[in-house]
J.: 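The structure under discussion is supplied below as structure tokens; questions concerning it will follow.
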Amino acid sequence: MKDKIKLFYLVLFVLALLVNFSGINAGFFTDDPGLYASIAKNLLYKKDFFQLFTYNQDWLDKPHFPFWMVFLSFKAFGISVWAYRLPALLFFLLGLLYTWLFTRKFYGTEIAMIAVLILMTAQYALMGNTDVRAEPYLLALVIGSIYHISRLEGRFSFTHLLLAALLTACAIMTKGIFVIVAIYGSLLGQLIFQKKLRDLFSFKFIALYLLTFIFTLPEFYALYLQFDLHPEKTVFDRHNVSGIKWFLWDSQFGRFVNKGPISQKSGGDVFFYLHTLLWAFAPWCLLFYYAVYKRVREVFSNKKPAEYYTISGGLLLLLLFSLSRFQLPFYTNTIFPLFAIITAPYCYVHLSRFGAKFRLVSQWVYIILFPVAIVVVNYFLKPAGNLFFIIDVTVFALLILWIATQIKSAQQKAFLLNCTVALFANCYLNTVVYKELVAYNGQVTAARYINDQVAASCPVYSLREENNVFQFYTNKPVDYIQLNQFNSFKPAANSVFYANQRSMDYLIQTHAGFKVIQSFQNYPQERILLDFINKANRYKVLDKVYLITK
């Protein structure tokens, strides 16, 4: 590898690290991070490592592993938004390491560098490191499991056996048993295409399955302790709910067929992820589609690819997501390392005349689109200050100029510029756009008002379960009262209730008796609507949230 291109890879790697970490202290602007952070905070408050609570009520939805990681971070650094994001970012770094190790093993050093940069600049990977859910953990655990399984498949090693089992178990304790579709599916594909399917039942892989089950036992214990041991508890409006059964069946297959207590309103679209990836895996999606086409042709031709793990595990889980009726764009982050590894060789190898042209065009689409979009957004957004925008433009304009003047190869130039514009766009999101969203988040300002103006002895309630950002930012326990029970509820003196606009409208319609303590401007959407971006029209999409008392 030439020293010049290696230097550019290194510069982009450092910049990508800075951009991925630049949103670590941004306030919460979606509900799920507020919920997960609140649950981890309750682990600390209740001094209970195994039982999950929200609004002082039992919570049964996701497995425990991410909450345990955040709990440890809160324990070490105190409760804050950056301490919530820190373990997820560390796992993202672990995912980069395993992407590097796996790609270098099968494709060599330069393609490994390319794969790591693709992963670091993929749109939803960057967004997921600010809007943190479970996916950064899964991203690392899935590619880590596959890497150690690939080493174990080549030659038995007790270290790789233990690490493969441990990481697979942690992945299961993060999202459920469906993650083994990617992990064991990758192994299944590798053995089928190598005509070694019998090895699936060899001693080393049987030991892997058993050890994975053993390492997953903490999850079963936690669920048994909180739910199976207490059939009298009311969960999902019924008694005798088994946490273990929920974990093994309802939470997995219930979501798959969109049935059960937690479901999506939409019926699902089998092509949802094909068009979602156009922006979620931008700026690499078009090249990824081409790479999949080429890789599948190789698999079913006389040409033998370097490995079958990535295409098998990645496409199997993508197919499962597509067939599912529970479709959310951030689910694909789990297999972004596999997508990056599939795509990376086609950023580097010699292609046919059509392939070379397609590679350039597919990258130049985003090279032009990203900067234009950010300039237009900034013009209409009119943020309070333009300092971060000016710094962003200056740094990345200089980098683009450096690449344009120093790199002669068209394909290398396109790759480096593609990385650059993706980082430019997401640096702007982290430092400008998300701050604007948080500034209009009434849950944050209402919680800060309570922390500063309301006595510590006053009980605090939420009238909706979706007010989780408020729950996290409030420096005291927040209980939940159903909206239709507000009239009959007899609170302690000086109790404070948080109500969003929908709750307030209901209270007014039902002639409930209450007094408004304070109201706060609020942007109620998680999606960034065009009217919010356009400051002149922003008032059209704003409402208010309220602190009230009886």
J.: What about the rings of F67 and F74, do their centers lie closer together than 6.0 Å?
T.: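 No; F74 has its ring centre 6.0 Å or more from that of F67.
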
J.: Could you tell me which non-hydrogen atom of L163 sits nearest to which non-hydrogen atom of H148, and how far apart they are?
T.: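 Taking L163 first and H148 second, the nearest heavy atoms are CD1-CE1, 3.4 Å.
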
J.: Do Y428 and L381 make a side-chain contact, defined as non-hydrogen atoms from C-beta onward lying under 4.5 Å apart?
T.: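 In short, these two side chains touch, coming nearer than 4.5 Å.
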
J.: Do the rings of W402 and F8 sit parallel, tilted or perpendicular, given the 30° and 60° boundaries?
T.: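 Aromatic pair W402/F8 classed tilted.
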
J.: Check whether any side-chain heavy atom of L423 sits under 4.5 Å from a side-chain heavy atom of M120, and report yes or no.
T.: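 No - every pair of side-chain heavy atoms lies 4.5 Å or more apart.
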
J.: Give the minimum heavy-atom separation between N129 and R85, together with the two atoms involved.
T.: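 So the minimum-distance heavy-atom pair works out to O-CD, 4.0 Å.
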
J.: Considering only heavy atoms from C-beta outward, does the side chain of L90 approach that of Y137 to under 4.5 Å?
T.: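 Contact flag for L90/Y137 side chains = no.
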
J.: Between D531 and K540, does any NZ, NE, NH1 or NH2 come within less than 4.0 Å of an OD or OE carboxylate oxygen?
T.: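 So K540 does not pair with D531 through a salt bridge.
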
J.: Aromatic rings Y290 and Y346: how do their planes relate, parallel, tilted or perpendicular, breaks at 30° and 60°?
T.: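 Because their plane-to-plane angle is over 60°, the rings of Y290 and Y346 count as perpendicular.
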
J.: Which distance, rounded to the nearest 0.5 Å, do you find between the CD of E298 and the OH of Y308?
T.: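 Between E298 CD and Y308 OH, I get 9.0 Å after rounding to 0.5 Å.
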
J.: Report the C-alpha distance between F358 and V361 in whole Å, list the side-chain angles of each, state the deciding distance to 0.1 Å, and finish with yes or no for side chain to side chain contact (heavy atoms under 4.5 Å, CB included).
T.: CA-CA 5 Å; F358 182 84; V361 170; 5.8 Å; no

J.: With V179 as reference, evaluate L138, L141, T174 under the side-chain contact (heavy atoms from CB on, under 4.5 Å) test and give the passing residue.
T.: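 Among the candidates, only L138 passes.
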
J.: Less than 4.5 Å apart, any side-chain heavy atom of M113 and any of K6?
T.: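 Contact flag for M113/K6 side chains = yes.
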
J.: Does L530 have more than 12 heavy atoms from other residues, nucleotides or ligands lying within 6.0 Å of its CG?
T.: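 No.
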
J.: Search all heavy atoms of T121 against all heavy atoms of A422 and return the closest pair with its distance.
T.: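 Residues T121 and A422, closest heavy atoms: O-CB, 3.5 Å.
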
J.: Taking the side chain as every heavy atom from C-beta outward, state whether F339 and L277 have any atom pair closer than 4.5 Å.
T.: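 Yes, side chains in contact.
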
J.: Could you pull out the closest heavy-atom pair between Q521 and Y440, with the gap in Å?
T.: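 Residues Q521 and Y440, closest heavy atoms: OE1-CE2, 3.4 Å.
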
J.: Start with the C-alpha distance between I118 and C347, add both sets of side-chain angles, then the distance that settles side chain to side chain contact (heavy atoms under 4.5 Å, CB included), and finish with yes or no.
T.: CA-CA 10 Å; I118 289 174; C347 295; 4.0 Å; yes

J.: Less than 4.5 Å apart, side chain to side chain, heavy atoms only: is that true for P383 and N378?
T.: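 Result yes, sub-4.5 Å side-chain heavy-atom pair found.
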
J.: So with a 6.0 Å cut-off around NZ of K304, is the heavy-atom count from everything else above 12?
T.: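 No.
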
J.: Using the rule given for side chain to side chain contact (heavy atoms under 4.5 Å, CB included), can you reason through E526 versus D131, listing the C-alpha separation, both sets of side-chain angles and the distance that settles it, and then say yes or no?
T.: CA-CA 11 Å; E526 292 193 350; D131 190 27; over 6 Å; no

J.: Measure the shortest side-chain to side-chain distance between F370 and Q123 over non-hydrogen atoms and say whether it is less than 4.5 angstrom.
T.: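 They are in side-chain contact.
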
J.: Should the pair Y98 and Y147 be assigned to parallel (<30°), tilted (30 to 60°) or perpendicular (>60°) ring geometry?
T.: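 Correct class here is tilted.
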
J.: Dump the intermediate steps for ring-ring contact (aromatic ring centres under 6.0 Å, His included) on Y366 and W284, then the final yes or no.
T.: CA-CA 9 Å; Y366 291 104; W284 310 108; 8.5 Å; no

J.: Look at the aromatic rings of F102 and Y309 and report parallel, tilted or perpendicular, splitting at 30° and 60°.
T.: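 Judged by the thresholds at 30° and 60°, the geometry between F102 and Y309 is perpendicular.
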
J.: Suppose we call two aromatic rings close when their centres sit under 6.0 Å apart. Are F532 and Y523 close by that rule?
T.: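 Judged by ring-centre distance (under 6.0 Å), F532 and Y523 do meet the cut-off.
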
J.: Looking at Y84, Y434, F470, W82, which one forms a ring-ring contact (aromatic ring centres under 6.0 Å, His included) with F28?
T.: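 Filter result, single survivor: Y84.
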
J.: Given the rule in the side chain to side chain contact (heavy atoms under 4.5 Å, CB included) test, do Q363 and Q411 qualify, once you have shown the distances and angles that lead to the verdict?
T.: CA-CA 9 Å; Q363 294 182 84; Q411 69 184 50; 5.9 Å; no

J.: Mind checking whether Y9 and F415 have parallel, tilted or perpendicular rings, split at 30° and 60°?
T.: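 Answer is perpendicular, since the angle exceeds 60°.
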
J.: Between R538 and E436, is there a salt bridge with N-O shorter than 4.0 Å?
T.: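 Result for this pair is yes, salt bridge flagged.
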
J.: Using the ring of each side chain (for Trp, its six-membered ring), is F321 parallel, tilted or perpendicular to Y331, with breaks at 30° and 60°?
T.: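 Answer is tilted, since the angle falls between 30° and 60°.
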
J.: G34 and F472: which non-hydrogen atoms are nearest, and at how many Å?
T.: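 Heavy atoms of G34 and F472 come nearest at O-CB, 3.9 Å.
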
J.: Would you say the side chain of F178 lies within less than 4.5 Å of the side chain of T334, judging by non-hydrogen atoms?
T.: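 No, side chains not in contact.
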
J.: Less than 4.0 Å between a side-chain N and a carboxylate O, is that true for E307 and K105?
T.: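 Salt bridge between K105 and E307, a charged N being under 4.0 Å from a carboxylate O: no.
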
J.: Can you tell me if T130 and N430 form a side-chain donor-acceptor pair at under 3.5 Å?
T.: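 Per modelled atom types, T130 and N430 side chains form a pair under 3.5 Å.
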
J.: Please give me the minimum heavy-atom distance between L139 and G95, naming the atom from each residue.
T.: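 Heavy atoms only, the tightest pair is CD2-CA, 3.9 Å.
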
